[in-house]
Amino acid sequence: MALNRKKLIDLFIGNISNAILHRILEKAVEDDVIRKYYDKEFLNSFEIAKKYREKINPVDGKPQESSEIKDRIVKKVSNELKIRISKGYKNIDLSLVESTADKFLSELKVIE
């Protein structure tokens with residue numbers, strides 16, 4: 001069963017957001033055990049996001065919805081980090097969200 005474009009983009013956004021979230025959380029903790037867990041989660045989500053990105057056309061260029069995709073990712077990651085901060089997580093730098101998103105989105109050729 002083929003997934004439609006909107007569903008592929010939603011799945012991509014969910015996985016890349018999770019990857020970005022875990023990369024930022026990894027930088028916020030000092031415990032090596034937790035850091036390794038976050039790194040494992042990052043790698044898993046990033047690989048899945050790559051697979052979804054390969055199914056979104058154009059594969060070698062940026063999609064028409066690239067700015068909307070970036071906005072949704074930044075909002076989703078920021079909201080999740082704020083929830084975690086309210087639960088007592090420490091050392092989370094919200095200013096890393098946009099730069100981290102830019103880095104991974106340009107790596108996956110969603111933005112330039």
Side-chain angles (χ1 to χ4, degrees):
M1 179 178 138
L3 294 172
N4 67 24
R5 181 178 174 82
K6 183 180 179 340
K7 184 69 173 174
L8 284 172
I9 290 172
D10 289 344
L11 291 167
F12 170 75
I13 289 171
N15 281 285
I16 196 67
S17 296
N18 197 44
I20 293 167
L21 172 74
H22 283 96
R23 181 58 78 204
I24 293 171
L25 289 172
E26 181 184 352
K27 293 178 182 180
V29 297
E30 295 177 13
D31 184 354
D32 284 339
V33 173
I34 297 172
R35 192 174 282 174
K36 285 179 185 176
Y37 170 77
Y38 286 148
D39 185 52
K40 181 180 173 185
E41 288 295 315
F42 163 78
L43 292 172
N44 186 37
S45 293
F46 191 73
E47 287 303 314
I48 294 169
K50 268 202 260 189
K51 289 178 183 172
Y52 284 122
R53 174 59 186 105
E54 291 168 1
K55 295 178 182 182
I56 300 171
N57 289 324
V59 174
D60 293 330
K62 72 177 196 170
Q64 294 173 327
E65 311 91 338
S66 60
S67 63
E68 178 190 338
I69 290 170
K70 180 185 172 190
D71 292 343
R72 286 178 56 193
I73 291 168
V74 168
K75 183 178 178 182
K76 188 172 187 158
V77 173
S78 294
N79 288 341
E80 182 60 33
L81 288 173
K82 288 175 186 174
I83 290 169
R84 302 238 180 160
I85 289 169
S86 73
K87 290 181 178 179
Y89 284 55
K90 305 284 186 211
N91 301 325
I92 294 176
D93 186 358
L94 291 173
S95 67
L96 293 174
V97 174
E98 190 151 355
S99 61
T100 306
D102 285 342
K103 175 184 172 187
F104 293 123
L105 289 175
S106 65
E107 187 176 322
L108 295 174
K109 298 179 183 174
V110 175
I111 61 173
E112 294 176 346

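Excluded from the calculations below are hydrogen atoms, water molecules and symmetry mates; all remaining heavy atoms, backbone and side chain alike, are included. Numbering of residues begins at 1 and proceeds along the displayed sequence.
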To check you understand the geometry: which heavy-atom pair defines the closest contact between [X] and [Y], and what is its length?
X     : Y      : answer
Ser78 : Val97  : OG-CG1, 3.7 Å
Asn15 : Ser45  : O-CB, 3.4 Å
Ile73 : Ala101 : CG2-CB, 4.4 Å
Gly14 : Lys76  : CA-NZ, 3.8 Å

Do the side chains of [Y] and [X] get nearer than 4.5 Å, heavy atoms only?
X      : Y     : answer
Arg5   : Glu65 : yes
Pro63  : Arg53 : yes
Leu94  : Ile85 : yes
Lys103 : Ile20 : no
Leu25  : Leu21 : yes

Between Ser99 (side chain) and Leu96 (backbone), is there a donor-acceptor pair under 3.5 Å?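 Here the side-chain-to-backbone pair exists.
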Is Asp39 reaching over with its side chain to a backbone N or O of Arg35, donor-acceptor style, under 3.5 angstrom?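 It does not hold such a pair.
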Return the [atom1] to [atom2] distance between [X] and [Y], rounded to the nearest 0.5 Å.
X      : Y      : atom1 : atom2 : result
Ser86  : Leu81  : OG    : CG    : 11.0 Å
Asp10  : Tyr52  : CG    : OH    : 11.0 Å
Gln64  : Asn57  : CD    : CG    : 11.0 Å
Ile9   : Arg72  : CD1   : CZ    : 8.0 Å
Ile111 : Ser106 : CD1   : OG    : 5.5 Å
Ile24  : Asn91  : CD1   : CG    : 13.5 Å

For Phe42, look at atom CZ and say whether over 12 heavy atoms of other residues, nucleotides or ligands are found less than 6.0 Å away.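 Yes, CZ of Phe42 has more than 12 neighbouring heavy atoms, counting only those of other groups under 6.0 Å.
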Check this for me: Lys109, atom NZ, are more than 12 non-hydrogen atoms of other residues, nucleotides or ligands nearer than 6.0 Å?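 No, NZ of Lys109 has 12 or fewer neighbouring heavy atoms, counting only those of other groups under 6.0 Å.
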Which residues share a side chain to side chain contact (heavy atoms under 4.5 Å, CB included) with Lys50, sequence neighbours left out: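 Lys50 satisfies side chain to side chain contact (heavy atoms under 4.5 Å, CB included) with Phe46, Glu47, Leu108 only.
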Does the pair Lys51 and Glu54 meet the rule for a salt bridge (charged side-chain N to carboxylate O under 4.0 Å, His left out), with working shown? CA-CA 5 Å; Lys51 289 178 183 172; Glu54 291 168 1; over 6 Å; no
Indicate the ring-plane relationship of Tyr37 and His22, choosing parallel, tilted or perpendicular according to the 30° and 60° boundaries.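 Ring orientation of Tyr37 relative to His22: perpendicular.
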Using the test salt bridge (Lys or Arg N to Asp or Glu O under 4.0 Å), find all partners of Glu80 that sit at least two apart in sequence or belong to another chain.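 Glu80 satisfies salt bridge (Lys or Arg N to Asp or Glu O under 4.0 Å) with Arg84 only.
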Report the C-alpha distance between Lys82 and Ile92 in whole Å, list the side-chain angles of each, state the deciding distance to 0.1 Å, and finish with yes or no for side chain to side chain contact (heavy atoms under 4.5 Å, CB included). CA-CA 9 Å; Lys82 288 175 186 174; Ile92 294 176; over 6 Å; no
